[in-house]
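All remarks here apply to the structure that follows.
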Amino acid sequence: NFIVPDATKIDEYLFDTIQHENAIKLKASTFVGRREMLEETFAHTQSDGASHTLVLHGDPGCGKSGLLAAVSQKVIQEKDREDFVFVHAVDSCPGSNLLEKFLRRLHVNLRAYRRRMGEFNVSSDPPESITDLKQEHHSFIKSTGEMYPSNRFVIIVDAVNQFHESLGAWEMWWLIRDEGVPNVRFIIS
C-alpha cells in the first residue's frame with residue numbers, strides 16, 4: 001500500500017511528503033503492543049491542555065519511531081476532514097535532515113491548507129529568504145490555529161536528534177511554546 005510517485009509530474013514538496021508518509025507506513029507496520037502508550041500519545045493530539053509539545057525519548061532502538069509512526073497513522077486515519085496533520089521523518093528522504101527544508105515543506109503545506117479553506121490572499125509560497133521564514137514561523141502557525149479554532153493542527157517529527165545542527169535546529173526554537181493556541185500540537189522524538 002505504498003505510493004510510488006512519478007517524480008517528473010509532481011513538485012518537490014509533494015514528492016517529499018509522499019516519501020515521509022511511506023516511511024511512516026513502513027515503521028507503523030512493524031509496531032506491536034504498547035497500546036496504552038499509543039492511546040496516551042494519541043490523546044495528546046486531541047487535548048486542549050496547556051502543553052503544545054510532547055517529547056518521546058529513550059534509548060536507541062527502544063521503539064520511539066515505531067510508536068510515533070503508529071500514532072501518526074492513527075491521527076491521519078481519525079482526523080476530521082478540516083484538521084491538518086503534518087508528518088516529518090528525519091532521514092526518510094534526501095534533505096529531510098535539514099531544518100530549512102522541514103520548515104519550507106511545513107509552510108507550503110500550511111499555506112495550501114489555508115487556501116483550501118478559502119483564504120486566497122495567502123501566498124502559496126513561503127518567504128524566499130530563510131531569515132524571513134524564521135521570523136514568520138511562529139506567528140504564521142499561531143495565526144493559522146487562531147483562524148480555525150475548532151480544527152486540530154498536529155505536527156509530528158521523528159528523530160529530531162538527526163537534524164543537521166544548522167539554523168540552531170537542536171535549540172528547538174521552531175517548536176511552539178506553551179502560550180497561545182490550544183489546537184496546535186507537536187509530537188517529537
Side-chain angles (χ1 to χ4, degrees), residues 1 3 13-14 16-25 27-28 31 34-57 64-90 92 96 99 101-124 126 133 136-160 172-189:
N1 295 11
I3 300 168
Y13 297 111
L14 179 56
D16 286 353
T17 296
I18 291 167
Q19 291 182 81
H20 286 279
E21 289 175 357
N22 284 343
I24 291 297
K25 286 178 186 176
K27 288 178 185 175
F31 181 79
R34 297 171 284 166
R35 284 280 164 226
E36 189 175 323
M37 264 185 176
L38 174 65
E39 292 304 324
E40 286 175 9
T41 306
F42 176 75
H44 172 75
T45 69
Q46 305 302 301
S47 73
D48 287 327
S51 181
H52 288 277
T53 303
L54 176 66
V55 179
L56 301 178
H57 63 91
K64 299 178 299 292
S65 292
L67 174 61
L68 201 58
V71 169
S72 298
Q73 289 291 274
K74 186 172 174 68
V75 170
I76 289 167
Q77 290 166 358
E78 296 191 17
K79 78 179 185 90
D80 288 336
R81 188 175 62 81
E82 294 176 346
D83 289 343
F84 175 85
V85 179
F86 180 85
V87 178
H88 188 86
V90 177
S92 64
S96 63
L99 184 61
K101 191 156 187 180
F102 158 75
L103 292 173
R104 289 197 181 284
R105 193 169 72 84
L106 172 60
H107 281 259
V108 162
N109 280 276
L110 275 171
R111 289 164 184 282
Y113 171 87
R114 288 177 68 161
R115 291 174 65 81
R116 274 193 313 276
M117 298 299 285
E119 289 184 67
F120 300 110
N121 60 335
V122 173
S123 167
S124 58
L133 181 61
E136 173 190 270
H137 176 67
H138 286 115
S139 62
F140 192 78
I141 290 176
K142 285 181 182 182
S143 69
T144 301
E146 289 169 349
M147 195 161 289
Y148 305 98
S150 61
N151 300 356
R152 295 267 164 219
F153 296 87
V154 180
I155 301 161
I156 300 171
V157 186
D158 182 33
V160 296
M172 304 297 171
W173 63 265
W174 46 272
L175 293 169
I176 299 298
R177 301 295 181 227
D178 287 336
E179 80 263 346
V181 193
N183 57 334
V184 176
R185 292 284 178 258
F186 278 85
I187 303 177
I188 64 171
S189 72

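Atoms considered below: every heavy atom in the structure, side chains included; atoms not considered: hydrogens, waters and symmetry mates.
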N/O donor-acceptor pair under 3.5 Å between His107 side chain and Ser124 backbone: no
All side-chain contact (heavy atoms from CB on, under 4.5 Å) counterparts of Arg116, not counting sequence neighbours: Ala112, Tyr113
Atom pair CG/CD1 of Asp158 and Ile188 - distance to nearest 0.5 Å: 10.5 Å
Closest non-hydrogen atom pair, Leu56 against Lys64: O-CD, 3.8 Å
Side chains of Ile76 and Gln73 in contact at under 4.5 Å (non-hydrogen atoms): yes
Set of residues satisfying side-chain contact (heavy atoms from CB on, under 4.5 Å) with respect to Asp83, sequence neighbours excluded: Lys79, Asp80, Asn151, Arg152
Atom pair CZ/CD of Arg185 and Gln46 - distance to nearest 0.5 Å: 10.0 Å
Heavy-atom side-chain contact between Val90 and Val157 under 4.5 Å: yes
Heavy-atom closest pair, residues Ile176 and Lys142: CG2-CE, 4.2 Å
Closest contact, heavy atoms only, Gly145 versus Val184: CA-CG2, 4.2 Å
Spatial distance of atom CD1 (Ile155) from atom CG (Leu110) [nearest 0.5 Å]: 6.0 Å
Set of residues satisfying salt bridge (charged side-chain N to carboxylate O under 4.0 Å, His left out) with respect to Glu40, sequence neighbours excluded: none
Spacing of Phe42 atom CZ and Ser72 atom OG [to the nearest 0.5 Å]: 11.0 Å
Nearest heavy-atom neighbours spanning Glu146 and Val181: CG-CG2, 3.6 Å
Minimum side-chain heavy-atom gap Val160-Val55 below 4.5 Å: no
Atom pair CD1/CG of Ile187 and Leu54 - distance to nearest 0.5 Å: 5.5 Å
Pairing residues for Ser123 by the side-chain contact (heavy atoms from CB on, under 4.5 Å) criterion, not counting sequence neighbours: Arg111, Asp125
Sub-4.5 Å side-chain heavy-atom contact between Tyr148 and Glu82: no
Parallel, tilted or perpendicular: ring planes of Phe153 versus Phe84, cut at 30 and 60 degrees: tilted
Partners meeting ring pair (Phe, Tyr, Trp, His ring centres under 6.0 Å) with Phe102 (sequence neighbours left out): Phe86, His88, Phe163, Trp174
Nearest non-hydrogen partners of Ala89 and Ser96, listed with the distance: O-OG, 3.8 Å
Flag, side chain of Arg104 to backbone of Pro126, donor-acceptor distance under 3.5 Å: no
Qualifying residues under salt bridge (charged side-chain N to carboxylate O under 4.0 Å, His left out), relative to Glu119, sequence neighbours excluded: Arg114
Separation between CD1 of Ile156 and OG1 of Thr45, rounded to the nearest 0.5 Å: 7.0 Å
Side-chain donor or acceptor of His52 paired with backbone N/O of Phe186 under 3.5 Å: no
Heavy-atom closest contact (Trp173 atom, His137 atom, distance): CZ3-CD2, 4.1 Å
